[in-house]
Peer 1: 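Encoded as structure tokens, here's the structure I'll be asking about.
Below, read A as the first sequence line, B as the second, and so on, with proteins coming before strands; counting in each chain starts at 1.
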Amino acid sequence: MAKYNHKEIEPKWRKNWDESGIYKTGEGKDKPKYYILDMFPYPSGAGLHVGHPKGYIATDVYGRMRMMQGYNVLHPMGWDAFGLPAENFALANKVHPRIATEKNIATFKKQLAQLGFTYDWEREINTTDPEFYKWTQWIFLEMFKRGLAYESREPINWCPSCKTGLANEDLENGRCERCGSVVEKKPMRQWVLKITAYAERMLDDLEKLPDWEESIKEMQKNWIGKSEGASIKFPVILSAAERNEESREETGSFADAQDDVSIKVFTTRPDTLFGATYMVLAPEHELIKNYELRIKNYGEVKKYAEDAKKKSEIDRADVQKEKTGVELKGVKAINPVNNEEIPVFVADYVLAGYGTGAIMAVPGHDERDFEFAKKYGLAIREVVKAEKKNDGECFSGEGVSVNSGFLDGLTTPEAKKKMIFWLEEKGIGKKSVSYKIKDWVFSRQRYWGEPFPLAYCEHCKNAVDDFIATSKIDLGKIRSFASSADAGSAQDDRERGGFTLGELLNPGWIGVDELPVTLPEVEHYEPTGTGESPLANIVEWVNTKCPKCGGAAKRETNTMPQWAGSSWYYLRFEDPKNDQALVNKEKEKYWSPVDFYVGGAEHATRHLIYARFWHKFLYDIGAVSYDEPFTRLQHVGLILAEDGRKMSKRWNNVINPDEIVEKYGADAMRVYEMFMGPFSQPVAWNTNGLIGARKFLERVWKLKSKVQKSESQKSRSQKLDNLLHKTIKKVGEDIESFKFNTAISQMMILVNEMTAADGLSKEQYQALLKILAPFAPHLCEELWTEVRSEKELESIFNEEWPKYDPELIKDEIIELVIQVNGKVRDMISVDAEVSEEEAKKIALESENVKKWTKGKRAEKIVYVKGKLVSIVVKD
RNA sequence: GGUCCAGUGGUGGAACUGGUAUACACGAGAGACUUAAAAUCUCUUGAGGGCAACCUCAUGUGGGUUCGACUCCCACCUGGACCACCA
């Protein structure tokens with residue numbers, strides 16, 4: 001018999017599959033559909049290491065099983081090729097990003113191809129293809145028109161090394177997720193997407209996703225970070241000394257102004273309002289620059305605020321460091337619940353980006369305020385009585401209100417409710433919700449990304465202003481209107497006199513409807529570092545005609561972030577060549593949503609948040625007909641290097657799949673990666689383990705000759721059938737629940753039994769091949785053609801997935817376990833149908849059991865059908 | 001600091017809904033084949049005691065519930081992931 005030679009078998013079958021087109025996606029409506037998807041990779045220059053394909057192998061195994069179960073399976077692959085990694089690689093290697101990307105894609109494709117995946121390459125997509133990003137731009141434009149994209153000049157995260165602004169999601173502990181540089185805060189003109197408008201729905205709809213892993217949902221919940229509480233207004237006045245001075249000098253005007261001045265705060269603990277003894281503003285707070293004349297120590301305050309703003313996020317967010325701040329001399333705030341005058345500080349422990357950028361400080365019941373108050377000698381008042389309280393510590397839990405007027409005696413939840421009611425009645429506060437998630441900073445100052453389909457027109461800017469002036473539309477109202485997700489229907493647009501909501505919010509910016517707006521060729525695509533994208537240098541591209549008035553206009557020169565294309569790419573696989581619409585509604589009804597999505601957990605708060613946001617928006621505008629994109633979600637556990645560290649060039653511990661395939665074969669690698677451990681858990685690579693997988697396949701190979709010998713004898717053991725059918729059952733169920741490691745160990749048990757058995761029938765062997773085929777497709781296809789008969793199909797993947805016979809998996813004889821006082825004392829083989837009476841009788845008659853029951857009385861006998869008898873004895 | 005997850009042999013790990021703990025694989029040891037090695041095959045392999053039947057102990061630690069706990073409850077220890085001055 002020929003030896004198992006993967007080098008011969010594997011290329012042969014891959015060629016055969018390519019030519020026969022067996023993996024072309026079928027669309028016959030007579031079959032049910034199954035859409036299984038991997039998170040598509042960005043093709044970096046380093047190529048694949050053995051860890052990358054783990055998820056792809058899993059989806060391939062699952063998809064192949066579904067094929068054999070009679071489904072049309074859509075299992076596509078594409079490339080997330082825009083973005084910083086591709087561009088940085090191109091810069092380092094002095095080639096155009098497009099060329100580098102093409103080359104990298106070719107490498108990736110070659111590497112993936114040799115693993116024998118079922119990808120239908122006719123559906124390949126690439127986010128950098130103008131025919132693809134045309135629709136990325138289209139989605140942006142739809143958001144822009146509805147006021148969900150807006151221009152902002154807020155300070156944002158700036159990576160000094162990548163020379164671009166970054167979204168909150170792109171940071172890791174205050175560092176750039178890509179290059180590890182400490183991120184600075186820099187005020188810059190940015191396009192921002194109003195993801196916060198969808199925060200509530202994204203949170204609520206997690207309930208609709210029972211087949212998502214709990215851990216991923218939890219991460220999203222934390223990222224969205226909903227807090228419920230109240231917003232409260234604290235009036236601001238001049239301090240007593242200043243008031244006297246004012247009236248002496250008769251400057252007179254502050255009396256009018258003070259009515260309007262107030263500090264708005266958000267708190268989750270309105271029940272502690274009586275304990276608010278000072279206030280703190282974030283260094284970025286508007287009041288500071290607006291009240292220069294009123295703040296007596298303005299120089300000092302300004303210096304503190306400026307210094308704080310300059311600090312990197314990482315320094316500012318250091319929890320360990322001592323809190324600092326400066327009092328705003330000359331002004332006071334009034335605690336509205338007791339009319340006390342309280343001091344106002346600026347301090348960098350208050351964040352501009354959360355809540356209102358100002359807090360009421362309750363040092364009695366907030367650790368941070370407590371620390372600050374001790375340092376600056378501020379009043380600390382107990383307003384919540386703790387059940388247990390440690391001296392000298394601050395109690396931030398729930399209890400009963402004290403020293404709190406009308407709240408006294410109420411528990412914290414009651415007090416919160418009552419305070420909110422009181423605030424609303426007086427009109428100085430209201431129930432309020434705050435989210436941690438921030439709007440999505442959507443522009444990058446780099447070359448290799450989708451251009452924005454926007455032009456800036458001075459004329460239309462004035463026209464918009466005129467329009468607002470004549471129609472008396474309050475821009476503030478429009479802004480709050482835009483926060484609701486359903487803002488901006490086509491009808492609204494008409495009523496606004498031809499201006500879209502986006503244009504009203506971003507005067508002068510006009511959407512370019514002629515798509516795609518293609519990325520121009522440039523001489524120098526290095527980032528400028530000035531906050532301008534390299535595109536700004538291409539005069540002939542920048543200068544354009546205003547799509548609205550036809551006059552001179554300038555294009556937006558920032559580009560979109562890498563996350564743009566990946567936020568909707570899964571829709572494109574349904575109909576990748578459609579140039580009329582983002583999705584073909586007919587096809588969409590068949591394929592979508594994605595039934596099963598597999599990828600890394602690191603995307604829980606990035607890609608998966610963005611994709612859900614875009615999808616919900618597309619649902620709202622009627623572009624898709626369902627509101628969650630991914631029905632089932634499973635995360636892949638990393639494959640670590642043999643030394644237990646992440647595989648990385650830096651540690652020189654990377655294992656290249658090409659070498660493994662060459663030496664042991666793709667099938668051995670596939671089986672090993674699925675066998676290593678629980679799918680979602682990180683496991684270290686171990687080449688010895690791989691050899692074990694290879695040996696297993698060799699045993700399967702050798703069984704072939706046993707079948708041929710057995711054929712005439714017609715020997716078919718009952719025992720083997722029993723195990724075979726149990727294995728069919730377990731493998732099917734385990735693949736279904738992504739427990740590949742136990743599926744494989746069960747097949748190993750079966751193969752060991754088959755090897756040891758007296759005879760092996762062809763049917764038994766064929767059933768084994770069918771359930772192993774998704775894991776080791778080349779080997780099983782080869783063996784299948786050798787043992788199949790004329791009437792059987794040419795490819796094993798056209799065969800039906802075997803069904804187990806419930807009769808055959810029943811055990812006739814079982815091992816009855818007998819326990820005495822909880823300890824196993826005997827095991828007796830009995831008929832599976834044994835009655836309770838009889839089982840108990842057999843148990844009590846056992847010699848081993850008698851040793852333990854002798855001279856004692858049986859107090860209780862527990863019987864578990866088909867399993868055990870538990871005897872409880874007492875002296 | 002918050003949220004979540006995990007802790008089982010020398011190693012990766014298995015154990016359904018509370019019912020034989022350590023399946024399967026790796027590694028190690030012994031043997032067969034071989035001039036020899038590799039490959040392959042067979043046996044042993046949680047710890048301790050015993051010639052053996054068998055007994056005792058063992059799923060991070062300590063308690064609890066139960067006839068019975070890796071599994072459920074409480075407290076603690078250790079490790080990991082994500083978030084983090086989020087008011």
Peer 1: 5'-most contact on RNA chain B: A:Glu214 or A:Asn752, nearest heavy atom basis?
Peer 2: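 It is A:Glu214 whose nearest nucleotide is closer to the 5' end.
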
Peer 1: Please identify each residue that fulfils ring-ring contact (aromatic ring centres under 6.0 Å, His included) with A:His6, with sequence neighbours left out.
Peer 2: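 ring-ring contact (aromatic ring centres under 6.0 Å, His included) check on A:His6 returns nothing, list empty.
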
Peer 1: If I pick the P atom on B:rC33 and the same atom on B:rG48, what distance separates them, to the nearest angstrom?
Peer 2: 32 Å

Peer 1: Does A:Lys226 have any side chain to side chain donor-acceptor pair (under 3.5 Å) partners at least two apart in sequence or in another chain, and if so, which?
Peer 2: A:Glu200

Peer 1: Side-chain N or O of A:Asn686 less than 4.0 angstrom from OP1 or OP2 on B:rU11?
Peer 2: no

Peer 1: Taking side chain to side chain donor-acceptor pair (under 3.5 Å) as the definition, give me every residue that meets it alongside A:Lys730, ordered by chain and number, with sequence neighbours left out.
Peer 2: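 For A:Lys730, the residues satisfying side chain to side chain donor-acceptor pair (under 3.5 Å) (neighbours in sequence not counted) are A:Asp734.
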
Peer 1: Do the side chains of A:Lys810 and A:Glu812 get close enough for a salt bridge, i.e. N-O under 4.0 angstrom?
Peer 2: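 Between A:Glu812 and A:Lys810 there is no salt bridge, as every charged N stays at least 4.0 Å from the carboxylate O atoms.
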
Peer 1: So if I define the base as every atom that isn't primed, P, OP1 or OP2, how would nucleotides 81-87 of chain B read as a B/S/- string at a heavy-atom cutoff under 4.0 Å?
Peer 2: -SS-BBB

Peer 1: So which heavy atom on A:Ile639 is nearest to which on A:Val50, and how close?
Peer 2: CD1-O, 3.9 Å

Peer 1: Name the closest nucleotide to the A:Val862 side chain, picking from B:rC24, B:rC67, B:rC26.
Peer 2: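 Out of B:rC24, B:rC67, B:rC26, the nucleotide with an atom closest to A:Val862's side chain is B:rC67.
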
Peer 1: Just jot down the side chain to side chain donor-acceptor pair (under 3.5 Å) partners of A:Arg381, sequence neighbours excluded, or say none.
Peer 2: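 Counting only residues at least two positions away or on another chain, A:Arg381 forms a side chain to side chain donor-acceptor pair (under 3.5 Å) with A:Glu340.
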
Peer 1: If the condition is ring-ring contact (aromatic ring centres under 6.0 Å, His included), which residues does A:Tyr664 pass it with, not counting sequence neighbours?
Peer 2: none

Peer 1: Side-chain donor-acceptor pairs under 3.5 Å in residues 745-755 of chain A, sequence neighbours left out?
Peer 2:
residue, atom, partner, partner atom, Å
A:Ser745, OG, A:Thr742, O, 3.1
A:Gln746, NE2, A:Thr727, OG1, 3.1
A:Asn752, OD1, A:Arg699, NE, 3.4
A:Asn752, OD1, A:Arg699, NH2, 2.9
A:Asn752, ND2, A:Met748, O, 3.4
A:Thr755, OG1, A:Val751, O, 2.7

Peer 1: Classify the nucleic acid contact of A:Ser870 as base, sugar-phosphate or nothing, counting any heavy atom under 4.0 Å across all strands shown.
Peer 2: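 The answer is base, as A:Ser870 lies within the cut-off (heavy atoms under 4.0 Å) of a base atom.
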
Peer 1: Please enumerate all residues that pass side chain to side chain donor-acceptor pair (under 3.5 Å) together with A:Glu642, with sequence neighbours excluded.
Peer 2: none

Peer 1: Once ring-ring contact (aromatic ring centres under 6.0 Å, His included) is applied, do any residues pair with A:Phe775, and if so which ones, sequence neighbours excluded?
Peer 2: none

Peer 1: Can you name the atoms? Protein N/O to nucleotides 52-56 of chain B N/O, anything below 3.5 Å, with the distance.
Peer 2:
residue, atom, partner, partner atom, Å
B:rC55, OP1, A:Arg825, NH1, 3.3
B:rU56, OP1, A:Arg825, NH2, 3.4
B:rU56, OP2, A:Arg825, NH1, 3.3

Peer 1: How would you label the contact of A:Val683 with the nucleic acid (heavy atoms, under 4.0 Å): base, sugar-phosphate, or nothing?
Peer 2: sugar-phosphate

Peer 1: Does A:Gln681 place a side-chain N or O at less than 4.0 Å from the phosphate oxygens OP1/OP2 of B:rG13?
Peer 2: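 Answer yes for this pair, as a side-chain N or O of A:Gln681 is under 4.0 Å from OP1 or OP2.
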
Peer 1: Short of 4.0 Å, heavy atom to strand atom, which residues of residues 667-679 of chain A count as contacting RNA chain B?
Peer 2: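 Correct list: A:Phe675, A:Met676, A:Pro678.
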
Peer 1: Write out a two-atom table: protein N or O, nucleotide N or O from nucleotides 38-42 of chain B, distance below 3.5 Å.
Peer 2:
residue, atom, partner, partner atom, Å
B:rC41, OP1, A:Arg699, NH1, 3.4

Peer 1: For A:Gln819, answer base if it contacts any base atom (sugar-phosphate contacts may also be present), sugar-phosphate if it contacts only those atoms, and nothing otherwise; contact means non-hydrogen atoms under 4.0 Å.
Peer 2: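 Base: the residue A:Gln819, judged by heavy atoms under 4.0 Å, touches a nucleobase.
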
